[in-house]
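Single-structure report; data block below.
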2 protein chains.
Amino acid sequence: MQLSSSLLENAVNEFAKLPGIGKKTALRLVLHLLKQEEDHVHVFSDSIREMRAGVKFCRRCHNISDGEVCSICESPTRKQRVICVVETIRDVIAIESTQQFNGTYHVLGGVISPLDGIGPDNLHIDSLIERVEKEQTEELIFALNPNIQGDTTIYYIQKKIHHLPCKITTVARGIAFGGELEYADEITLGRSLANRLPIESYMKPM
Amino acid sequence: MQLSSSLLENAVNEFAKLPGIGKKTALRLVLHLLKQEEDHVHVFSDSIREMRAGVKFCRRCHNISDGEVCSICESPTRKQRVICVVETIRDVIAIESTQQFNGTYHVLGGVISPLDGIGPDNLHIDSLIERVEKEQTEELIFALNPNIQGDTTIYYIQKKIHHLPCKITTVARGIAFGGELEYADEITLGRSLANRLPIESYMKPM
């Protein structure tokens, strides 16, 4: 793309580095910003800079945080002895938006994946085990994606803490709401039959 | 969306103001930037700020420019007495990317549209007429979108300059390459029959 302004071209190239943003979309976004008042553009560019400089990671659960410890870990109304183990910050946001969970989190930062060169030492697993030991955690809920890597990670952590009096659970797997039996894969369908629920617990209000 | 960091939330909200970017996409982009090195994020945010502060509009053709006059208007190899009239900067970029045009441009900034409250005074029409008079323009090529507003604008400008010895043309309308006759609307198909081309000019190399 040939642009008659190198400043515009710079900005377009920078936008096009973002994931899922091609050159045409980048141009559309930059021309939009060009039409905005200069103050608005400053607010936009400052918000990015401040975000990168200011956002910290909670030293307890590794979730994003404005301070040393995140608002979830500091909250007195949340069950501090229930930990939901997730892969990424995005999973925390997804679970929070259900408003169904009242415990704390632990963000691993990924899952064990030898093929990608990711071992237990690359993840926040040690700090999780330390938490479970020190905080007398009552329940560890694994909310990892259902695949080999996720299951390996669960297995690894479980072996490390099986001597502790901590209940270990995982989120239910089964047919998704709105999904169709016909198109479910065999493993999902097989497991959802094996782990069938009594109808009372299915009908229970959330 | 409930985020545990107000700085992150700010940045997400700012991104979500961009056209076609929703909250989820905004979050994805911001988390991507959060993972980048701080220097890269500064380059990104500076490129936006500098673009907004530095990009000027060419005082001759109203195209974007780094200086007072844009690189196309300054180029000695381009035919300065041929003007292609377009609606927006994006149209300039689209035509430039064909590499088929060797004249200059005039960006109107829109088209006459009484329903939207846009009259000739809101557009760069006066400066176009002034250019045609002063620069002894040889040809004015209209490359406006084919709709009522575009045609009205052509008609208006044409009436204003019909006393000048300037050829007035418009880009060809017809069946698009890759398009199918069957699905063309009646006006396009009808006009493309009425304005049929001698086969020699069709087969002529570009």
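Lettering follows sequence order; numbering is per chain, from 1.
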Between A:Met51, A:Arg49, A:Lys17, which is the residue that forms a side-chain contact (heavy atoms from CB on, under 4.5 Å) with B:Leu33? A:Met51
Please state whether the side chain, the backbone, both or neither of A:His32 comes within less than 4.5 Å of a heavy atom of chain B. side chain
For A:Asp66 and B:Ser5, test the side chains for any donor-to-acceptor distance below 3.5 angstrom and give the result as yes or no. yes
Measure across B:Glu14 and A:Ser47 and return the closest heavy-atom pair with its distance rounded to 0.1 Å. CG-OG, 3.4 Å
A:Gln36 portion near chain B, given a 4.5 angstrom heavy-atom threshold: backbone
Under a 4.5 Å heavy-atom cut-off, does chain A meet the side chain of B:Phe57, its backbone, both or neither? side chain
Within-4.5 Å side-chain heavy-atom neighbours: A:Ile89 and B:Leu8: no
Given that the side chain runs from C-beta out, which part of A:Val92 has a heavy atom under 4.5 Å from chain B: side chain, backbone, both or neither? neither
Is B:Leu18 close to A:Phe15 at the side-chain level, that is, under 4.5 Å between some pair of heavy atoms? yes
Drop me the distance from A:Arg52's CZ to B:Glu37's CD, to the nearest 0.5 angstrom. 8.0 Å
Can you check whether A:Leu31 reaches B:Thr88 side chain to side chain, under 4.5 Å on heavy atoms? no
Just so I know, are the side chains of B:Ile21 and A:Ile21 near enough to count as touching, which here means a heavy-atom distance under 4.5 Å? yes
Using non-hydrogen atoms only, which part of A:Ala53 is less than 4.5 Å away from chain B: side chain, backbone, both, or neither? both
Select one option (side chain, backbone, both, neither) describing which atoms of A:Glu74 are under 4.5 Å from chain B's heavy atoms. neither
Would a 4.5 Å heavy-atom cut-off, applied to side chains only, mark B:Ser45 and A:Asp46 as touching? no
